[in-house]
Amino acid sequence: MEKVNIVTYGCKLNQAESEVIGEKLSSLNYIVEYDKSTKSDILIINSCTVTSEAERKIRQLIRKTKREKPDTKVVVVGCYTHTDTKSLLKNGVDLILGNLEKKYIENYIDKNGVFVDLDYWHSKNEKIFLPQKPYNNYSRYFLPIEEGCLEFCTYCRIIFARGNKIRSVSKDEIFKKIDSLIKKGVKEFIITGINLTYYGYGTDYNLLNLIMNIEKKYQSQKIRFRISSLYPDFINENIIQFLNESKIFEKHIHLSLQHVSTKVLENMGRKYNEKYLINLFDMIFRINDIFSISSDIIVGFPGETNEDFEILLEFINKYPFSRVHAFRYSSRPNTKASKMPHQVSGEIKKARMKQLQQYIKNSNEQYLKKLINSGITPEILIEKKDNQYSYGYDEYYIYHKILNNSINLNDFHKVKINKIENTGVISSVL
């Protein structure tokens with residue numbers, strides 16, 4: 001039997017789709033592994049095109065694989081294939097599949113060449129596949145419910161790869177899948193999509209309806225739900241109150257923030273401004289001052305001045321974030337931002353990123369100190385163990401290293417936080 005190694009870059013939707021690919025190939029008697037360093041007969045790279053750095057790493061892996069084991073069949077699928085098949089072919093890729101074709105991997109795995117429908121979202125047969133189990137045997141199950149985006153942010157070319165037509169999984173299919181996975185022992189569900197704000201677009205059912213229905217149906221069960229990412233302009237007081245009072249949803253939101261300066265946000269094509277964000281964060285921390293907020297930040301966007309950057313730093317300094325994923329602006333071909341004047345130099349972006357990372361570190365530490373001082377006893381779902389520790393996330397999406405390796409995987413445990421460390425906290429079971 002041939003061995004397949006699936007390496008995933010990018011978002012949680014990609015991870016869910018990689019699991020679907022793996023399940024389909026396993027049913028065809030391939031030996032499937034995920035993100036392993038072992039040699040394989042077939043390497044499948046589920047790709048990302050958000051940044052040039054992600055694409056560089058993909059090309060690097062292709063070259064490394066072909067150099068070390070030339071007879072390995074290299075297959076690249078997903079978003080990068082919609083934007084630059086030439087560079088993939090130049091680096092030695094044998095088979096290239098788009099975001100539609102990768103969902104039907106069983107029809108292409110024996111082929112070579114390029115199979116990419118650039119406008120697949122207009123196809124009547126296009127659908128979202130739900131994995132049968134968590135990705136790579138994680139405790140967490142990535143539940144994809146939506147694909148597509150209507151925002152047209154000036155820096156983003158995901159819309160070229162995922163489309164401007166919203167596709168949503170039906171409520172009935174979602175609940176059927178959750179029910180079946182609970183029976184299999186899954187205890188944590190991460191609701192994911194390209195832009196969850198648009199779930200149910202064009203119908204009388206939306207994301208707020210869905211999460212409230214999930215709460216109503218499953219609130220008595222020992223399970224947990226997390227929403228992977230939301231736009232700030234979707235959040236209101238009702239949503240925060242709901243999450244704060246929920247018995248099964250995490251007291252955490254990940255905001256696709258990107259920046260704080262009103263001028264930069266306008267140039268990005270975002271629909272909110274600095275004043276809105278200040279009011280939003282004040283409202284969240286008024287409801288619960290240890291509510292967990294994580295976020296994405298872009299530094300060095302075209303036209304970002306020292307004043308814009310200072311506005312960002314002041315905001316990060318004022319509000320305690322549980323975590324922030326910051327990255328330097330990466331010019332993407334054929335986007336509006338790539339043609340904007342006043343592009344920020346690489347040297348300035350690098351310097352600003354270094355300064356921003358220190359502010360982020362301080363913000364994270366302030367949040368963790370608030371969590372410890374609150375006296376709460378977080379509840380951890382154990383998802384990994386080694387010879388000394390157990391590991392898992394709590395309802396605030398904080399990563400815990402627990403001084404006990406005799407507790408069971410996939411069980412919830414109340415813990416006491418003892419110490420802050422770089423990757424999260426060290427705790428002990430109560």
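Positions are given from 1 along the sequence.
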Quick one: does NZ or CZ of [X] land under 6.0 Å from the six-membered ring centre of [Y], within 45 degrees of the ring axis?
{"X": "Lys184", "Y": "Tyr141", "answer": "no"}
{"X": "Lys271", "Y": "Phe234", "answer": "no"}
{"X": "Lys370", "Y": "Phe285", "answer": "yes"}

Counting only heavy atoms not in [X], do more than 12 fall under 6.0 Å of its [atom1]?
{"X": "Lys133", "atom1": "NZ", "result": "yes"}
{"X": "Lys336", "atom1": "NZ", "result": "no"}
{"X": "Lys414", "atom1": "NZ", "result": "yes"}
{"X": "Lys111", "atom1": "NZ", "result": "no"}

[X] versus [Y], closest heavy-atom pair with distance:
{"X": "Ile227", "Y": "Phe249", "value": "CG1-CE2, 4.1 Å"}
{"X": "Pro302", "Y": "Ala337", "value": "CG-O, 3.7 Å"}
{"X": "Arg270", "Y": "Cys153", "value": "NH1-SG, 3.2 Å"}
{"X": "Ile297", "Y": "Leu257", "value": "CD1-CD2, 3.7 Å"}
{"X": "Glu379", "Y": "Lys222", "value": "OE2-NZ, 2.9 Å"}
{"X": "Ile382", "Y": "Ser390", "value": "CG2-CB, 4.0 Å"}

Task: From CA spacing to verdict: salt bridge (charged side-chain N to carboxylate O under 4.0 Å, His left out), Glu314, Lys318 - done: CA-CA 6 Å; Glu314 287 174 11; Lys318 180 179 179 181; over 6 Å; no
- [ ] Show the numbers, then the answer: is there a side-chain contact (heavy atoms from CB on, under 4.5 Å) between Tyr231 and Ser256?
- [x] CA-CA 5 Å; Tyr231 278 42; Ser256 179; 4.1 Å; yes
Contact check, side chains of [X] and [Y], non-hydrogen atoms, under 4.5 Å:
{"X": "Glu126", "Y": "Glu147", "answer": "yes"}
{"X": "Ile253", "Y": "Phe291", "answer": "yes"}
{"X": "Asn267", "Y": "Lys263", "answer": "yes"}
{"X": "Glu215", "Y": "Lys247", "answer": "yes"}
{"X": "Leu265", "Y": "Tyr276", "answer": "no"}
{"X": "Ser228", "Y": "Leu196", "answer": "yes"}
{"X": "Val264", "Y": "Leu312", "answer": "no"}
{"X": "Cys11", "Y": "Thr192", "answer": "no"}

Any luck finding a side-chain donor-acceptor pair between [X] and [Y] under 3.5 Å?
{"X": "Asn195", "Y": "Thr197", "value": "yes"}
{"X": "Asp179", "Y": "Tyr218", "value": "yes"}
{"X": "Tyr135", "Y": "Asp35", "value": "yes"}
{"X": "Asn362", "Y": "Gln358", "value": "yes"}
{"X": "Gln15", "Y": "Thr8", "value": "no"}
{"X": "Thr83", "Y": "Thr49", "value": "yes"}
{"X": "Tyr34", "Y": "Glu19", "value": "yes"}
{"X": "Tyr391", "Y": "Asp386", "value": "yes"}
{"X": "Ser330", "Y": "Ser52", "value": "yes"}
{"X": "Asp308", "Y": "Ser261", "value": "yes"}
{"X": "Asn46", "Y": "Lys102", "value": "yes"}

Task: Residue pair Glu2, Lys73: steps toward the salt bridge (charged side-chain N to carboxylate O under 4.0 Å, His left out) verdict - done: CA-CA 11 Å; Glu2 288 188 296; Lys73 180 174 183 177; over 6 Å; no
Open item on the list: Under the criterion side-chain contact (heavy atoms from CB on, under 4.5 Å), I'd like the reasoning laid out for Ile128 against Ile145: C-alpha separation, chi angles, the key distance, then a yes or no.
Closed with: CA-CA 7 Å; Ile128 298 172; Ile145 66 168; over 6 Å; no
Open item on the list: Under the criterion salt bridge (charged side-chain N to carboxylate O under 4.0 Å, His left out), I'd like the reasoning laid out for Glu383 against Arg224: C-alpha separation, chi angles, the key distance, then a yes or no.
Closed with: CA-CA 13 Å; Glu383 62 178 42; Arg224 179 184 292 163; over 6 Å; no
Open item on the list: Between Lys171 and Asn213, does the side-chain hydrogen bond (donor to acceptor under 3.5 Å, both in side chains) criterion hold? Intermediate values first, please.
Closed with: CA-CA 9 Å; Lys171 173 182 67 174; Asn213 288 160; 4.8 Å; no
Pairwise distance [atom1]([X]) to [atom2]([Y]) - rounded to 0.5 angstrom:
{"X": "Phe160", "Y": "Asn99", "atom1": "CZ", "atom2": "CG", "result": "14.0 Å"}
{"X": "Leu430", "Y": "His413", "atom1": "CG", "atom2": "NE2", "result": "11.0 Å"}
{"X": "Lys165", "Y": "Tyr120", "atom1": "NZ", "atom2": "OH", "result": "11.0 Å"}
{"X": "Leu97", "Y": "Asp117", "atom1": "CG", "atom2": "CG", "result": "12.0 Å"}
{"X": "Gln258", "Y": "Cys156", "atom1": "CD", "atom2": "SG", "result": "9.0 Å"}
{"X": "Ile223", "Y": "Leu181", "atom1": "CD1", "atom2": "CG", "result": "10.0 Å"}

Task: Test log, rule side-chain contact (heavy atoms from CB on, under 4.5 Å), inputs Ile42 and Tyr30 - done: CA-CA 10 Å; Ile42 302 173; Tyr30 288 91; 3.8 Å; yes
Open item on the list: So if I apply the ring pair (Phe, Tyr, Trp, His ring centres under 6.0 Å) rule between Tyr393 and each of Tyr399, Tyr138, Phe412, which one comes out positive?
Closed with: Tyr399
Task: N-O pairing of Glu365 and Lys361 below 4.0 Å - done: yes
- [ ] Report the relative orientation of the aromatic rings in Tyr198 and Tyr201; use parallel for angles under 30°, tilted for 30 to 60°, perpendicular for over 60°.
- [x]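 Perpendicular.
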Open item on the list: Using the side-chain contact (heavy atoms from CB on, under 4.5 Å) definition, which of the options Lys86, Arg59, Gln60 pairs with Asn91?
Closed with: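 With Asn91 as partner, side-chain contact (heavy atoms from CB on, under 4.5 Å) holds for just one option, Arg59.
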Open item on the list: Aromatic contact between Phe321 and Phe281, with the criterion being ring centroids under 6.0 Å apart: yes or no?
Closed with: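 Yes, they do, as the ring centres are separated by less than 6.0 Å.
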TODO: List the steps, then state whether salt bridge (charged side-chain N to carboxylate O under 4.0 Å, His left out) holds for Arg162 with Glu17.
DONE: CA-CA 13 Å; Arg162 293 286 188 172; Glu17 291 171 340; 2.9 Å; yes
TODO: Begin with the C-alpha distance, continue with both residues' side-chain angles, and end with the deciding distance and a verdict on side-chain contact (heavy atoms from CB on, under 4.5 Å) for Phe327 and Ile298.
DONE: CA-CA 5 Å; Phe327 52 98; Ile298 298 174; 3.6 Å; yes
